[in-house]
Amino acid sequence: AVLALHRDLPAYIKDKSLRQWNQIRVMPASKRRVGVMGLGRLGEAVCRTLLDFGFPVSGWSRSARTLEHVTCYQGEASLPAFLSGCDLLICLLPLTPETSGILNAGLFAHLPAGAGLINVARGKHLVQQDLLAALETGKISAAVLDVTDPEPPAPNNPLLHHPRIIVTPHVAAGTQEAKARIYTIALEQVFMVL
């Protein structure tokens, strides 16, 4: 999703539908700041991967975290400073009463104009109308949503029809069948021993 927004995949999808061939100039990864909201195990893994691609990475969580080569922010008071340095924002937060609806107009206001949004956490994090409004004004340039509320979205949901939104059916961290089988076998072996 980060690479899709970094390289402006929504524009290429639009060009294809118009049967146009346009090459878009891409800034180096070292100039595109990526922020990760949620620094648990998944957030930490995402940060490491993004660093390998050469992106400057920052992270935000409710409690203090330290990750090598990642600028870490914690707590509500630091959220505006964190957001102001995010050209691409990834939400990996757990869904709690405090984080429900966190991806809203108030949060978007702290992002740089034209920021990209990626939500791979939970659909209830996003206030859909606020995202659509932010896309209209250019505050958000594009979004990748792997989760929606509800799932699946209704066929007439505007998220599915917006040219600057890529929607995937909750597959960002899908369990691979082979891994699931290995875990099942391991659990069976543990219980046989007990």
Colleague: Compare every heavy atom of Ala77 with every heavy atom of Pro80, then report the nearest pair and how far apart it is.
Modeller: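 Closest approach of Pro80 to Ala77: CD-O, 3.6 Å.
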Colleague: Should we say atom CD of Glu68 is surrounded by more than 12 heavy atoms from elsewhere, each under 6.0 Å from it?
Modeller: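 Check fails, neighbour count at 12 or below.
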Colleague: Step by step, would you call Asn157 with Thr148 a side-chain contact (heavy atoms from CB on, under 4.5 Å)?
Modeller: CA-CA 10 Å; Asn157 186 311; Thr148 60; 5.7 Å; no
Colleague: Measuring from atom CG of Asp146 to atom CD1 of Ile90, what distance do you get when rounded to the nearest 0.5 angstrom?
Modeller: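 CD1 of Ile90 is found 12.0 Å from CG of Asp146.
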Colleague: If you take all heavy atoms of Asp87 and Pro112, which pair is closest and at what distance?
Modeller: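 Smallest heavy-atom distance, with atoms named: OD1-CG, 4.2 Å.
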Colleague: Should Leu111 and Ile118 be regarded as members of a common hydrophobic cluster, given that ILVMFWY residues are connected when their side-chain heavy atoms come within less than 4.5 Å of each other, either directly or indirectly?
Modeller: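 Looking at the clustering, Ile118 is in a separate group from Leu111.
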Colleague: Do Thr99 and Arg122 have side-chain heavy atoms sitting under 4.5 Å apart?
Modeller: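 The answer is no, as the side chains (C-beta and beyond) never meet within the 4.5 Å cut-off.
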Colleague: Got a salt bridge between Glu98 and Arg62, using NZ or NE/NH1/NH2 to carboxylate O under 4.0 Å?
Modeller: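 Salt bridge absent between Glu98 and Arg62.
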Colleague: If every non-hydrogen atom of Leu5 is compared with every non-hydrogen atom of Ala143, which pair is closest and at what distance?
Modeller: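 Residues Leu5 and Ala143, closest heavy atoms: CD2-N, 4.3 Å.
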Colleague: Does the ring center of His6 lie less than 6.0 Å from the ring center of Phe53?
Modeller: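 Centroid distance His6-Phe53: not below 6.0 Å, so no.
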Colleague: Test of understanding: clusters of I, L, V, M, F, W, Y form through side-chain heavy atoms closer than 4.5 Å, transitively. Do Leu132 and Ile140 belong to the same one?
Modeller: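 In one cluster: yes.
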Colleague: Quick one, Leu83 and Trp60 - any side-chain contact, counting heavy atoms below 4.5 Å?
Modeller: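 Leu83 does not reach Trp60 side chain to side chain.
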Colleague: Provide the closest heavy-atom pair for Ser141 versus Gly114 in the form atom of the first, atom of the second, distance.
Modeller: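 So the minimum-distance heavy-atom pair works out to OG-O, 2.9 Å.
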Colleague: So, does His125 use its side chain to make a donor-acceptor pair with the main chain of Pro94 at under 3.5 Å?
Modeller: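 Such a contact is found between His125 side chain and Pro94 backbone.
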Colleague: With a 3.5 Å distance limit and no angle check, can you tell me whether Glu44 reaches the backbone of Arg41 through a side-chain donor-acceptor pair?
Modeller: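 The answer is no, because no donor-acceptor pair under 3.5 Å joins these two groups.
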Colleague: Got His110 and Leu79 here, is their nearest side-chain heavy-atom distance under 4.5 Å?
Modeller: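 His110 vs Leu79: side chains apart.
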Colleague: Quick check for you: to the nearest 0.5 Å, what is the distance between Leu67 atom CG and Cys47 atom SG?
Modeller: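 SG of Cys47 is found 5.5 Å from CG of Leu67.
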Colleague: Ignoring hydrogens, what is the shortest heavy-atom contact between Glu151 and Val147? Give both atom names and the distance.
Modeller: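 Heavy atoms of Glu151 and Val147 come nearest at OE2-CA, 3.2 Å.
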Colleague: May I ask you to test the Leu89-Phe82 pair for a side-chain heavy-atom distance under 4.5 Å?
Modeller: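 A side-chain contact under 4.5 Å exists here.
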Colleague: Under the side-chain contact (heavy atoms from CB on, under 4.5 Å) criterion, do Leu107 and Met37 qualify, and how do the steps go?
Modeller: CA-CA 12 Å; Leu107 181 137; Met37 292 179 75; 3.9 Å; yes
Colleague: Look up atom OG1 in Thr168 and atom CG in Leu145, then write down how far apart they are to the nearest 0.5 Å.
Modeller: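 Between Thr168 OG1 and Leu145 CG, I get 8.0 Å after rounding to 0.5 Å.
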Colleague: With a 4.5 Å limit on heavy-atom distance, are the side chains of Cys86 and Ser58 in contact?
Modeller: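 Cys86 vs Ser58: side chains touch.
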Colleague: Could you check whether any side-chain N or O of Ser100 sits under 3.5 Å from a backbone N or O of Pro97, counting only pairs where one atom can act as donor and the other as acceptor?
Modeller: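 It does not hold such a pair.
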Colleague: Please examine the side chains of Phe55 and Thr49, heavy atoms only from C-beta on, and report whether any two atoms are closer than 4.5 Å.
Modeller: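 Thr49 does not reach Phe55 side chain to side chain.
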Colleague: Show the nearest heavy-atom pair for residues Pro10 and Pro163, with the distance to one decimal.
Modeller: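 The pair with the smallest heavy-atom distance is CB-O, 3.7 Å.
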Colleague: To the nearest 0.5 Å, tell me how far Gln74 CD sits from Ser63 OG.
Modeller: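 Output value for this atom pair is 8.0 Å.
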Colleague: Just how far is it from atom CZ of Arg32 to atom CG of Leu50, taken to the nearest 0.5 Å?
Modeller: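 Nearest 0.5 Å value for the CZ-CG distance: 12.5 Å.
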Colleague: Can you find a heavy atom in the side chain of Phe108 that is under 4.5 Å from one in the side chain of Leu103?
Modeller: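 Phe108 reaches Leu103 side chain to side chain.
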Colleague: Answer yes or no: does atom NE2 of His69 have more than 12 heavy-atom neighbours from other residues, nucleotides or ligands under 6.0 Å?
Modeller: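 Incorrect, the count does not exceed 12.
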Colleague: I'd like to know if the side chain of Asp130 and the backbone of Val127 have a donor-acceptor N/O pair within less than 3.5 Å.
Modeller: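 Pair absent, no side-chain N/O of Asp130 close to backbone of Val127.
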Colleague: Nearest 0.5 Å please: distance from the CD1 atom of Ile102 over to the CG atom of Leu95.
Modeller: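 Answer for the CD1-CG pair, Ile102 versus Leu95, is 10.5 Å.
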Colleague: Can you hop from Leu88 to Leu39 via hydrophobic side chains spaced under 4.5 Å?
Modeller: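 Leu88 clusters together with Leu39.
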Colleague: Would you say the side chain of Ile165 lies within less than 4.5 Å of the side chain of Leu131, judging by non-hydrogen atoms?
Modeller: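 Contact flag for Leu131/Ile165 side chains = yes.
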Colleague: Please check if Val26 and Val2 belong to a single hydrophobic cluster, counting links between Ile, Leu, Val, Met, Phe, Trp and Tyr side chain heavy atoms closer than 4.5 Å.
Modeller: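 Per the 4.5 Å side-chain linkage, Val26 and Val2 are not co-clustered.
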Colleague: Kindly work out whether a path of hydrophobic side-chain contacts (I/L/V/M/F/W/Y, heavy atoms less than 4.5 Å apart) joins Val120 to Val36.
Modeller: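 In one cluster: yes.
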Colleague: Tell me whether the count of non-hydrogen atoms from other residues, nucleotides or ligands lying under 6.0 Å of CZ in Arg164 goes above 12.
Modeller: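 Atom CZ in Arg164 is crowded, with more than 12 foreign heavy atoms closer than 6.0 Å.
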